[in-house]
Amino acid sequence: MTQAQQMPLFPPRSVKQLVDDVEKLTQEIQELYCSDEIPWILGVSFGKDSSAVLQLIWNAIAALPLSKRTKTIHLITTDTLVENPIISTWVRNCIKQVRLAAELQKMPVEPHLLHPSVQETFWVCLIGRGYPAPRNGFRWCTDRMKIQPVNHFIREMVRYHGETIVVLGTRKAESSKRAATMKKHEAGRVRDRLSPNSRLINSLIYTPVEDWRDDEVWLYLMQYSNPWGGDNKDLFTMYRGATADNECPLVVDTSTPSCGDSRFGCWVCTMVNQDKSMEAMIQNDEEKEWMQPLLDIRNELDIKDDRPKRDFRRIYGRVELFERNMGDDKTSVEPIPGPYIKFWREYWLRRVLEAQTQIRKTAPVEMRDITLITPEELSEIRRIWLEEKHEFDDSLPRIYEQVTGQPFEDSRPAAERKLLGSDEWTVLEEMCEDKMHLELMAKLLDTERQYYTKTRRNGIYGDLDKCFETSSRSKEEAIGNAHYQRNLKNAVEAVKANPTLNIQLVKDAIAQSNISATQDTVNVAKLKEKLESSTNQSRQLSWADIKFSPPSP
């Protein structure tokens, strides 16, 4: 079935029918606005859909007398800090126009530009913590960068006012998935186009243009003048030449599809095969060729197999296994790759800083103050590398100065006070046998350093134990131990299903484990001894019996 066949069908309407619908919606908006004191939150990206909704509501409220314009309409849009620079500039200019027009026309519209917290931005997560580029199986960016800022704002409004009405420009004609999601929410509707949303407590979603087609949105925008001083023809020009005639709507839940190939998506988005929109901008307009470094970084992030760039452990230091389908009914049990290793995190930092430096030299004058990664993000990345990853060689200031030619100024107080630095790291590198040995020594030293500055040292032994748990084995030993634990777990589950398999099955699991670490070998011997001594016992062995042997006398 083709995408066109999957799309919901909306029969075309005549111009008169559309005009009648606009008049009907105007009356509906006025009645809903005046019926109570519940504040409105209007989500916009200033693309075609959200602009049409804002225009509908603006014109409807402007037709009311001043005495009835008593309820504030909060206009919110989210800047993820990795928006397409052209669109980011467009949105900021629109916000300025809306704020000025609202003041002049005495409209109860208050715009808000939302951002993710510095701990949750794209570069802090990818460069700082080492999260891999987002994929369908690990779409970590949407919730952190879009949903959380919006939900936080709405929760604060609910906390103050008790409830809210959230107005969105979502339409069923966008996709079959969007239509199905909206239809599911319709079951709990309290009236036409007013639906509940499980993620937004005490809030109703109002979708006035839910049944409009793409051509109807454009027809409305071209025939009705923009009331806040913008030019809808400029909006149309910005869309023209794009390969996808869609925008990135305000996101309130994970049902929203990726919009990385739209005009209004993030320039780093790897949720799509290619950024067709940015490619179209660069190819169709010589004045936008300065964005090529951004497209190069995005394409470099979007590689098919990034496993060589990632740790063999998860971000918390443990090896986790999964069954990988190899085809022909064959599977392979392999470690789940974790975060980017130190080398690649530093590499991506250098690439972003290089792109920022180049763009500030080659972009048009009005774009030369562009910031791809903020000083606050750089400070947080540095903190993560130093305090959470124990990389006390403190490479970020060095990389920053090498690329930009300027010294890095950290806004955190006492950031430059440190007992360990690059000299000590160099000595460790020379002394340690391999990367795992270096990692363990660095963690142990830096853990002691962190507790050295505290008045109380409670918890130091637990943190030192964690260092050994995550970094004391070589890669081969750690993966072998994970297989050993997995085989034991599978054996116990099989024993529970059939107790007569008890000893032999567990012995087979042990034989397959391939454990090389001394301590694991000792545990295997104890396990065999315990199993063989328990053959005459009537009680079935539990997982705890197998994993936790009693101490030797």
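Fair warning: this is a prediction, and the values are worked out from it, not measured in the lab. Computed from heavy atoms alone, side chains included, the values below leave out hydrogens, waters and symmetry copies.
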**Prompt:** Just by distance, with hydrogens left out, do Asp410 and Ser379 show a side-chain donor and acceptor under 3.5 Å apart?
**Reply:** yes
Take Asp296 and Glu300, measure what side chain to side chain contact (heavy atoms under 4.5 Å, CB included) needs, and give me the verdict at the end. CA-CA 6 Å; Asp296 292 341; Glu300 195 172 355; 5.9 Å; no
Are the side chain of Arg129 and the backbone of Pro339 linked by a donor-acceptor contact shorter than 3.5 Å? no
Does the Thr371 side chain pair with the main chain of Ile373, one donor and one acceptor, at a distance under 3.5 Å? no
Heavy-atom nearest pair, Ser203 first then Ile154, reads OG-CG2, 3.6 Å
| task | Return yes when atom CD of Glu409 has more than 12 non-hydrogen atoms of other residues, nucleotides or ligands closer than 6.0 Å, and no otherwise. | result | no
Quick check on Tyr452: does its OH atom have over 12 non-hydrogen neighbours (other residues, nucleotides or ligands) under 6.0 Å away? no
Any donor and acceptor pair, going by atom type alone, linking the side chain of Glu477 with main-chain N or O of Ser474 inside 3.5 Å?
yes
>> Are Leu295 and Trp267 packed together at the side-chain level, in the sense that at least one heavy-atom pair is separated by less than 4.5 angstrom?
In response: no
Between Ile303 and Lys309, the two heavy atoms sitting closest are CD1-NZ, 3.6 Å
In short, Met145 meets Val82 closest at the heavy-atom pair CE-CG2, 3.5 Å
Would Lys342 and Glu346 count as a salt bridge (charged side-chain N to carboxylate O under 4.0 Å, His left out) here? Give the steps.
CA-CA 6 Å; Lys342 184 176 188 291; Glu346 293 175 346; 2.6 Å; yes
Task: Side-chain donor or acceptor of Ser88 paired with backbone N/O of Asn84 under 3.5 Å - done: no
Original post:
Any side-chain heavy atom of Pro335 within less than 4.5 Å of one from Leu321?
Top reply: yes
Go through it in stages, so that I can follow the logic: the residues are Ile86 and Met291, the test is side chain to side chain contact (heavy atoms under 4.5 Å, CB included), and I'd like the CA-CA distance, side-chain angles, deciding distance and then a yes or no.
CA-CA 9 Å; Ile86 300 297; Met291 292 196 298; 3.9 Å; yes
To the nearest 0.5 Å, atom OG1 of Thr447 lies from atom CG of Leu464 at 6.0 Å
Residues at least two apart in sequence or cross-chain that pass ring pair (Phe, Tyr, Trp, His ring centres under 6.0 Å) with Phe468, listed by chain then number, are none
- Task: State yes or no: are the ring centers of Trp140 and Phe122 separated by less than 6.0 Å?
- Result: yes
So for atom NZ, which belongs to Lys454, do other residues, nucleotides or ligands contribute more than 12 heavy atoms lying within a distance under 6.0 Å?
yes
Residues Ala482 and Val319: closest non-hydrogen pair is CB-CG1, 3.6 Å
Sorted by chain and number, sequence neighbours left out, side-chain hydrogen bond (donor to acceptor under 3.5 Å, both in side chains) with Glu401 holds for none
Checklist entry - Passes side chain to side chain contact (heavy atoms under 4.5 Å, CB included), His390 versus Trp385? Steps please. => result CA-CA 6 Å; His390 305 284; Trp385 287 3; over 6 Å; no
*Taking NZ, NE, NH1 and NH2 as the nitrogens, is one of them in Asp302 or Arg298 under 4.0 Å from a carboxylate oxygen of the other?*
yes
### Message
Measuring only between side-chain heavy atoms, which start at C-beta, is Ile297 closer than 4.5 Å to Leu372?
### Response
no
On a heavy-atom basis, the closest approach of Ile282 and Glu289 is O-CG, 3.9 Å
Sorted by chain and residue number, the side chain to side chain contact (heavy atoms under 4.5 Å, CB included) partners of Leu113 (sequence neighbours excluded) come out as Thr77, Asp79, Arg92, Ile95, His115
- Message: Assess, by modelled atom type and distance only, whether the side chains of Thr374 and Glu377 contain a donor and an acceptor separated by less than 3.5 Å.
- Response: yes
Does a side-chain heavy-atom distance below 4.5 Å link Leu386 with Leu396? no
- pair Ile41-His112: side-chain heavy atoms closer than 4.5 Å: no
Rounded to the nearest 0.5 angstrom, the OG-NE2 distance for Ser117 and His152 is 9.5 Å
Point to revise | Heavy-atom side-chain proximity of Asp369 to Arg360 below 4.5 angstrom | key: no
Does a donor on one side chain sit under 3.5 Å from an acceptor on the other, for Arg382 and Ser395?
no
Contacts of Pro132 meeting side chain to side chain contact (heavy atoms under 4.5 Å, CB included) (sequence neighbours excluded), chain-then-number -> Phe138, Asp306, Arg310, Tyr340
Q.
Taking Asn325's backbone N and O only, do any of them form a donor-acceptor pair with Thr331's side chain (distance below 3.5 Å, no angle check)?
A. no
Inset, instruction - Assess whether side chain to side chain contact (heavy atoms under 4.5 Å, CB included) is satisfied between Arg345 and Lys389, documenting all intermediate values. - result: CA-CA 12 Å; Arg345 285 184 278 110; Lys389 297 189 178 294; 3.5 Å; yes
Partner of Cys467 under side-chain contact (heavy atoms from CB on, under 4.5 Å), picked from Glu439, Lys443, Met441, is Lys443
Sequence neighbours excluded, the answer for side chain to side chain contact (heavy atoms under 4.5 Å, CB included) partners of Asp434 is Met436, His437
Determine whether Thr470 and Arg314 make a side-chain contact, defined as any pair of heavy atoms from C-beta on separated by less than 4.5 Å.
no
Residue pairs passing the ring pair (Phe, Tyr, Trp, His ring centres under 6.0 Å) test with at least one member in residues 288-318, sequence neighbours excluded, are none
With sequence neighbours left out, the residues meeting side chain to side chain contact (heavy atoms under 4.5 Å, CB included) with Leu420 are Phe392, Glu424, Leu445, Asp446, Arg449
Those residues at least two apart in sequence (or on a different chain) that pass side-chain hydrogen bond (donor to acceptor under 3.5 Å, both in side chains) with Glu120 are Arg144
Worksheet item: Is a salt bridge present between Glu469 and Lys466, judged by a nitrogen-to-oxygen distance below 4.0 Å?
Response: no
*Are there more than 12 heavy atoms of other residues, nucleotides or ligands under 6.0 Å from atom CZ of Arg318?*
no
Residues passing the salt bridge (charged side-chain N to carboxylate O under 4.0 Å, His left out) test with Glu448, sequence neighbours excluded, are Arg457
With sequence neighbours left out, the residues meeting side-chain hydrogen bond (donor to acceptor under 3.5 Å, both in side chains) with Arg486 are Glu323
Q.
Within the structure provided, determine whether Gln402 and Arg350 are in side-chain contact (heavy-atom separation under 4.5 Å).
A. yes
Minimal heavy-atom distance between Asn202 and Val158, with the atoms involved, is CB-CG1, 3.8 Å
Sequence neighbours excluded, the answer for side-chain hydrogen bond (donor to acceptor under 3.5 Å, both in side chains) partners of Glu334 is Arg307, Arg324, Ser332
**Message:** Angle between ring planes, Tyr347 versus Trp344, binned at 30° and 60°: parallel, tilted or perpendicular?
**Reply:** perpendicular
Residues at least two apart in sequence or cross-chain that pass ring pair (Phe, Tyr, Trp, His ring centres under 6.0 Å) with Phe408, listed by chain then number, are Tyr400
Output for pair (Arg351 CZ, Leu301 CG), nearest 0.5 Å, gives 9.0 Å
